[in-house]
Amino acid sequence: MQWETVIGLEIHVQLSTRSKIFSGASVAYGAAPNSQACAVDIALPGVLPVLNREAVEYAIRFGLAIDATINSPSIFARKNYFYPDLPKGYQISQLEHPIVEGGCVTIRTGDQEKVIRLTRAHLEEDAGKSTHEEFHGMTGIDLNRAGTGLLEIVSEPEMRSSTEAVAYARVLHSLVRWIGICDGNMQEGSFRCDANVSVRPAGSETLGTRCEIKNLNSFRFLERAIDYEVARQIDILEGGGSITQETRLYDADRNETRTMRSKEDAHDYRYFPDPDLLPVIIPHEWIEQIREKLPELPGHKNHRYIQDFSLSAYDAGILTATREVADYFEKTIGLLPGQGKLCANWIMGEVSARLNKEGLEITQCPVTPEQLAGLLLRITDGTISGKIAKDVFDGMWQSNGENADAIIDAKNLRQVSDDSEIEKWVDEVLAANPQQVADYRAGKEKAFNSLVGQIMKTSRGKANPAQVNSVLKKRLAE
Amino acid sequence: MTISLSDIKRVAKLARIEISETDAQQNLSRLSGIFGLIEQMQAVNTHGIKPMSHSQDMVQRLREDVVTETDQHALFQSIAPQVEDGYYLVPKVIE
Amino acid sequence: MLNASLRQLSRLLSDKKISSTELTAGFLSRIKSLNPDLNAFITLDEEKSLNQAKSADAMIAAGRSTPLTGIPIAQKDIFCAKGWLTTCGSRMLSNFISPYDATVVERFDQAGMVNLGKTNMDEFAMGSSNETSYYGPVKNPWDRLAVPGGSSGGSACAVAARLAPAATGSDTGGSIRQPAALCGISGIKPTYGLVSRYGMIAFASSLDQGGPMAKSAEDLALLLNAMVGFDEHDSTSLQREKEDYTKNLTQPVEGLRIGLPKEFFAEGMSSDVSRAVEAALAEYRKLGATFVEISLPNSKLAVPVYYVLAPAEASSNLSRFDGVRYGYRAAQYSNLEDLYARTRAEGFGEEVKRRILIGTYVLSHGYYDAYYLQAQKLRRLIAEDFAKAFEQCDLIMGPTTPTVAFNIGEKCGDPIQMYLSDIYTSAASLAGLPGMSIPVGFGDKNRPTGLHIIGNYFREAQMLNVAHRYQLATNWHELAPPDSGN
């Protein structure tokens, strides 16, 4: 039988506010245990929550970026359950009237574009962390993370493969960084995925029983966990069994998912509107202000790059992967109109390779867009060849902000197009290689290339290759 | 609706309160009485009435995103049942 | 001195006829002799109190005093006070030294008042008799066989027995007004949102409201001036212009339209309470007020609605008491779940556990709509009844409680009878309206009775004025229980 996979993702995005969503404690990562857990965060008796404006603004920013509805009023509710990393015994979250409802994003797999709709995105607070080692059989609780603002983004079950799920997660990962609401650091847990996975006979309209897989903290794990889970479910169904709705945990070390809790032990969360928090009213003017401040979004940029700069969809995709790369590209192209492909090739090639090698972000790139544009200008006007340009680029990387022209002059790398100079190099090489001249004249075409190589070498790469070709041809024909 | 002994046990479990058979029995008779009182609510047709969560028709005030709190964990943990190296300790959590 | 009003005490202090230190020491020694029997206080800390008195004396000497500087106040043990044991009447918090101050405590500190100690209360404010306290019942100073009411029973007892010139209380369904009535003192629950809830241990967040308890309306006005105010730590705190509640105290009440809800004067009210309330209304007639019969048809459902909403919120509010970060932790447990279940079984008393069970049940899957949502809808109908009533009248009056104080132990086995003590007070709580009780004489066994005054939102000044005019014309509020005054 043919099976169809159905995947929906729930992504928890940690908001990069300064303070927590309901308290004035810092959210900075890596502080000493419980040093950033204030009276509100540890839920002392009598304390109360007050909502962080920036967290709301971030949620609205996200809603606008995916063309969703911003709900006003938006309501906070309590989700009640006991866990030692949840100090109040309830999590402040949203059930009805989430701040963001609907919206969609476009994902690309291969040449295919697909629109994935979102169900909702709601604000809530993060829990603390449990440490199971180090405490002689006990568990240690650190509440520094408790109360950090989260945006939980829920998709419709519209992905049909792990590839699509990863593409969707990547688009969101890029988007939340793009609009500046999350640092996207997956190691530190700033971007966490849960996947709802089910399978059904191809062509079927009804959804199969789903399992929720938790703890997917990298795109690779997301892909592997889904693949494992799909295979597991198909195995069971083909063996005549049925799927139990449950929450499963992905174990990266063993590359498998295993039962965390079954539906029978599912919590009865007893949601109800939080009486400590009032309805959040979002005035239309506020939404418009946020909209105005919103940067040009990656989807829009992507299309514009393809149209305005004649880039391929692939190139445009890479250049709009992060806002910083796009900014770098746009600054460069701004100084070099009409050279979109050349700029794109250099940024995706030389620049990106060198950054990777040295473990740098593009914002830390020692070669500024202005420097790069200056270099590329010298390729387009014939001052240097593409090959020499790589040396100049290296020179700029090492130098302290020196521009391409200075390096070209200092190293005397300017391409030589002066005929008499070139003729001198050609004659010198011909005189030194009578055998190859003879070979060529005897019909061995290959000898020509060898001679060109030697002339270029003699000119230390500066000779204009086209001119070398024509002078050499002329001489050999004499 | 009437409340049953199993309801009481289920709810006590949800609320994380250990309850003995005798306590559950005793609570059953008392809670049944209380729910008898509460059932009076069902006589009123409230169709179309908006639920009232707050007594004032107010909107949520928003706090500026500023860090105002300092590290007080030593003070807070001076009244904790069990701590070590800045962590609160609980019996091992099994996942 | 014991019967002096706050204004009189303030004058004595500012005239240096007495120091705050002397005044505080005087009350502390009186507490020492009477509290062992009355049990109005859970915690006393002479050194802390006297230190505060010393600071108050310094404030007075430096000419920086407010009308309340140097006057001692007893704090209900629901208010967190830094460095003070703050138990909320529970074993669960029997070792909880608060690391912070409630906003109310802070405001009184800033006014220069002296914290005299933490008063006894029903556990987590759940009770109407003070019998649910882990620290034992409080006695009614008028008749030591009787309860003082609850949950602010310790505060009511302390003021009535002249152990403190003033006290704080909190009111969720009647917890200031009912004990004030049963102890023959004055108490006001302001409009929800006027007094900060920050640091006041939550029972039912959408209903809880702190307020002052004292001998007279005039004293309440002075206390309210310090207690009311916007607090950025409480999202439900109201931002309003500062009001001086003492300003219009003496204004005549001629032409005042008093609404009498027919439902409050129907069956349920005992004849002795009825007599006292009728006499008080007659006094108002003499003062020039007029009466209009009004109807609050849904108020009969206030008690059932209250006993859904308050336990629901409480079941969630009390989840933080889990034995992990502070408070009681069971001595024996085999694993985490066991730690929770035993800590909460041992740390909470029967009434608190009962309400957590009710609250958990009404919020649980499949029951939410029938109970919680239905109660919230009825809450709106109850509030709308009041809105209609206030189109016809300026204030609403009636009995605070259906009977005078009952005996200790009398209603312990019958929660429903106990819950019905709130029959007149819970409706105003659900609507968020201000309510107060003032003493209007004595009923059976010479136990005090109270007149309940409900105002429209933010009409505290008017209520205090109306109460003050009554207290100018009568002297019930000046009477102290035997062995307790002069």
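Per chain, numbering begins at 1; letters A, B, ... match sequence-line order. These numbers were taken from a predicted model, which means no experiment stands behind them.
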Q: Please look at A:Val56 and chain B and tell me whether the side chain, the backbone, both or neither of the residue comes under 4.5 angstrom of a heavy atom of that chain.
A: side chain
Q.
Quick check on A:Glu96: does its CD atom have over 12 non-hydrogen neighbours (other residues, nucleotides or ligands) under 6.0 Å away?
A. no
Q: Check whether A:Ala37 gets within reach of chain B through its side chain, its backbone, both or neither, counting any heavy atom under 4.5 Å.
A: backbone
Q) Between B:Val90, B:Thr68, B:Asp85, B:Leu89, which shows the greatest number of heavy-atom pairs under 4.5 Å with chain A? A) B:Val90
Q: Kindly indicate whether the side chain of B:Glu69, heavy atoms from C-beta on, has any atom under 4.5 Å from the side chain of A:Lys20.
A: no
Q: Counting only heavy atoms closer than 4.5 Å, note whether A:Ile75 contacts chain B via side chain, backbone, both or neither.
A: neither
Q) Just how far is it from atom CD1 of A:Ile42 to atom CD of B:Gln77, taken to the nearest 0.5 Å? A) 8.0 Å
Q: Count the heavy atoms belonging to other residues, nucleotides or ligands that lie under 6.0 Å from CZ of A:Arg192, then report whether that count exceeds 12.
A: yes
Q | Most chain B-contacting option - heavy-atom pairs closer than 4.5 Å, from A:Asp142, A:Leu277, A:Asn80, A:Thr139 | A | A:Thr139
Q) Which residues from residues 59-67 of chain B are near chain A, with near meaning under 4.5 Å between non-hydrogen atoms? A) B:Val59, B:Gln60, B:Arg61, B:Leu62, B:Arg63, B:Glu64, B:Asp65, B:Val66, B:Val67
Q | Which of A:Val280, A:Thr17, A:Ile281 touches chain B most, by non-hydrogen pairs under 4.5 Å | A | A:Thr17
(Q) Could you check whether any side-chain heavy atom of B:Glu84 comes within less than 4.5 Å of a side-chain heavy atom of A:Met138, counting everything from C-beta outward? (A) no
Q. When rounded to the nearest 0.5 angstrom, what distance separates OG1 in A:Thr131 from OH in B:Tyr87?
A. 4.5 Å
(Q) Heavy-atom cut-off 4.5 Å, strictly under: side chain, backbone, both or neither for A:Pro273 against chain B? (A) side chain
Q | Under 4.5 Å from a heavy atom of chain B, the part of A:Ala28 involved | A | neither
Q.
To check you understand the geometry: which heavy-atom pair defines the closest contact between B:Gly86 and A:Asn34, and what is its length?
A. O-ND2, 2.6 Å
Q. Among residues 45-54 of chain B, which residues come closer than 4.5 Å to chain A, judged by heavy atom distances?
A. B:Ser53, B:His54
Q) Where does A:Phe22 contact chain B at under 4.5 Å (heavy atoms): side chain, backbone, both or neither? A) backbone
Q. Just how far is it from atom NE2 of B:His73 to atom CG of A:Leu143, taken to the nearest 0.5 Å?
A. 12.0 Å
Q | Contact origin within A:Asp274 toward chain B - heavy atom pairs under 4.5 Å | A | backbone
**Q.** Under 4.5 Å from any heavy atom of chain A - which part of B:Ala74
**A.** neither
Q | Approximate separation, where rounding is to 0.5 Å, of A:Asn144 CG and B:Asp71 CG | A | 8.5 Å
